[in-house]
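Down below is the structure, laid out as structure tokens.
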Amino acid sequence: MTGAAALALQDIGADLLRQEAASLDERRWDDWLALFSAQCEYWMPTWRTEEQLTEDPQSEMSHIYYASRAGLEDRIMRIRSRRSPASTPMPRTAHSIGYVRMIDGPAVGDGHFSLQSSWSCNVFYPFLKRTETFFGLAYYTLVREDDQWRIGKKKIVLLNDYIPSMLDIYCV
């Protein structure tokens, strides 16, 4: 793959990350879900030590883990139903995407590539009248599905993991 083609894919990936952030901030849940592959994995590991993350969501603690889009759909259903204490009243968010870089470019004809980005999210909790900022790194594997790039895997590394209040998918 040429450098220009890799940069074009990186731009496509960066646009998808901005779409994800806007969908979360604007509470366009169906648009957000549509960005994910049906077989996606969504994972935010915990820190085992100050320097090492947990490595296996099946056997170790995670802040958030969904093995497929069905799990994300269930989470959105709970948010919409207002039966989620963490989401009532719904916090207001503003996501910022920092750098986006390709970390694993595709070979010719390959249907996936990987990106890394930095991010931050300001969250206002109306009930508490308090603002929190969460920030970290995110690792994405984008997959080609139905002639569109979708998120096949998202791993979120929360760098400020001493969570003073509730944390949900719309905060990261």
Side-chain angles (χ1 to χ4, degrees), residues 1-48 51-58 62-73 75-76 79 91-123 132-161 167-172:
M1 168 168 291
T2 67
L7 283 175
L9 281 178
Q10 183 171 304
D11 288 344
I12 288 168
D15 186 57
L16 194 143
L17 273 57
R18 287 189 292 270
Q19 288 178 49
E20 180 189 22
S23 296
L24 289 169
D25 291 342
E26 296 166 10
R27 302 177 189 174
R28 292 184 285 112
W29 307 122
D30 292 330
D31 293 345
W32 181 73
L33 287 168
L35 297 173
F36 288 85
S37 166
Q39 307 307 317
C40 72
E41 179 181 70
Y42 187 99
W43 181 36
M44 187 166 64
T46 58
W47 288 92
R48 179 179 297 129
E51 298 176 358
Q52 186 180 25
L53 291 166
T54 56
E55 297 175 0
D56 183 0
Q58 302 297 330
S62 298
H63 288 295
I64 300 172
Y65 179 70
Y66 294 107
S68 71
R69 191 171 69 197
L72 295 175
E73 291 167 351
R75 184 72 200 124
I76 294 301
I79 291 168
R92 300 176 208 142
T93 63
H95 287 78
S96 295
I97 305 298
Y99 69 82
V100 177
R101 69 183 186 101
M102 189 177 294
I103 55 175
D104 180 27
V108 175
D110 199 0
H112 71 277
F113 66 99
S114 298
L115 298 170
Q116 176 187 1
S117 72
S118 61
W119 61 271
S120 64
C121 183
N122 291 304
V123 183
E132 302 293 345
T133 299
F134 300 103
F135 59 88
L137 305 173
Y139 299 87
Y140 292 83
T141 299
L142 303 185
V143 296
R144 192 80 173 152
E145 185 179 89
D146 301 326
D147 276 343
Q148 292 185 348
W149 288 103
R150 297 189 195 280
I151 300 168
K153 184 174 185 178
K154 181 176 180 181
K155 178 182 174 185
I156 304 154
V157 177
L158 182 63
L159 295 176
N160 61 327
D161 65 322
L167 178 73
D168 209 325
I169 57 173
Y170 44 76
C171 299
V172 293

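Count residues from 1 along the sequence.
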If we check side-chain hydrogen bond (donor to acceptor under 3.5 Å, both in side chains) with K154, which of these qualifies: Y66, Y139, Y140?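 Single pass found, and it is Y140.
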Measuring only between side-chain heavy atoms, which start at C-beta, is [X] closer than 4.5 Å to [Y]?
X	Y	value
W43	T54	yes
Y65	E41	yes
L137	Q116	yes
E145	H112	no
P45	K155	yes
I76	I169	yes
L142	I12	no
E132	P91	no

Quick one: pull up [atom1] in [X] and [atom2] in [Y] and give me the separation to the nearest 0.5 Å.
X	Y	atom1	atom2	value
I97	S118	CD1	OG	8.0 Å
D15	D11	CG	CG	8.5 Å
I156	S62	CD1	OG	10.5 Å
T46	D161	OG1	CG	8.0 Å
D25	W32	CG	CH2	12.5 Å

Looking at [X] and [Y], what are the two nearest heavy atoms and their distance?
X	Y	answer
T93	L24	OG1-O, 4.0 Å
L35	S23	CD1-OG, 4.5 Å
R144	D147	NH2-O, 3.3 Å
G152	S37	CA-CB, 4.2 Å
V100	Q10	O-NE2, 3.2 Å
D168	I64	C-CD1, 4.2 Å

Using the rule given for side-chain contact (heavy atoms from CB on, under 4.5 Å), can you reason through M44 versus L167, listing the C-alpha separation, both sets of side-chain angles and the distance that settles it, and then say yes or no? CA-CA 11 Å; M44 187 166 64; L167 178 73; 3.4 Å; yes
Would you check if the side chain of [X] reaches a backbone N or O of [Y] as a donor-acceptor pair within less than 3.5 Å?
X	Y	value
W119	S96	no
H95	A22	no
W47	L158	yes

Ring-plane angle category for Y170 and W29, please: parallel below 30°, perpendicular beyond 60°, tilted otherwise.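 If you compare the ring of Y170 with that of W29, the planes turn out tilted.
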Crowding at CD, E26 (>12 non-hydrogen neighbours, <6.0 Å):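 Counting neighbours around CD of E26, more than 12 heavy atoms of other residues, nucleotides or ligands fall under 6.0 Å, so yes.
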Carefully, step by step, assess D31 and Q19 under the rule side-chain contact (heavy atoms from CB on, under 4.5 Å). CA-CA 9 Å; D31 293 345; Q19 288 178 49; over 6 Å; no
Between F113 and W149, does the ring centre distance come in under 6.0 Å?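 That pair passes the under 6.0 Å test.
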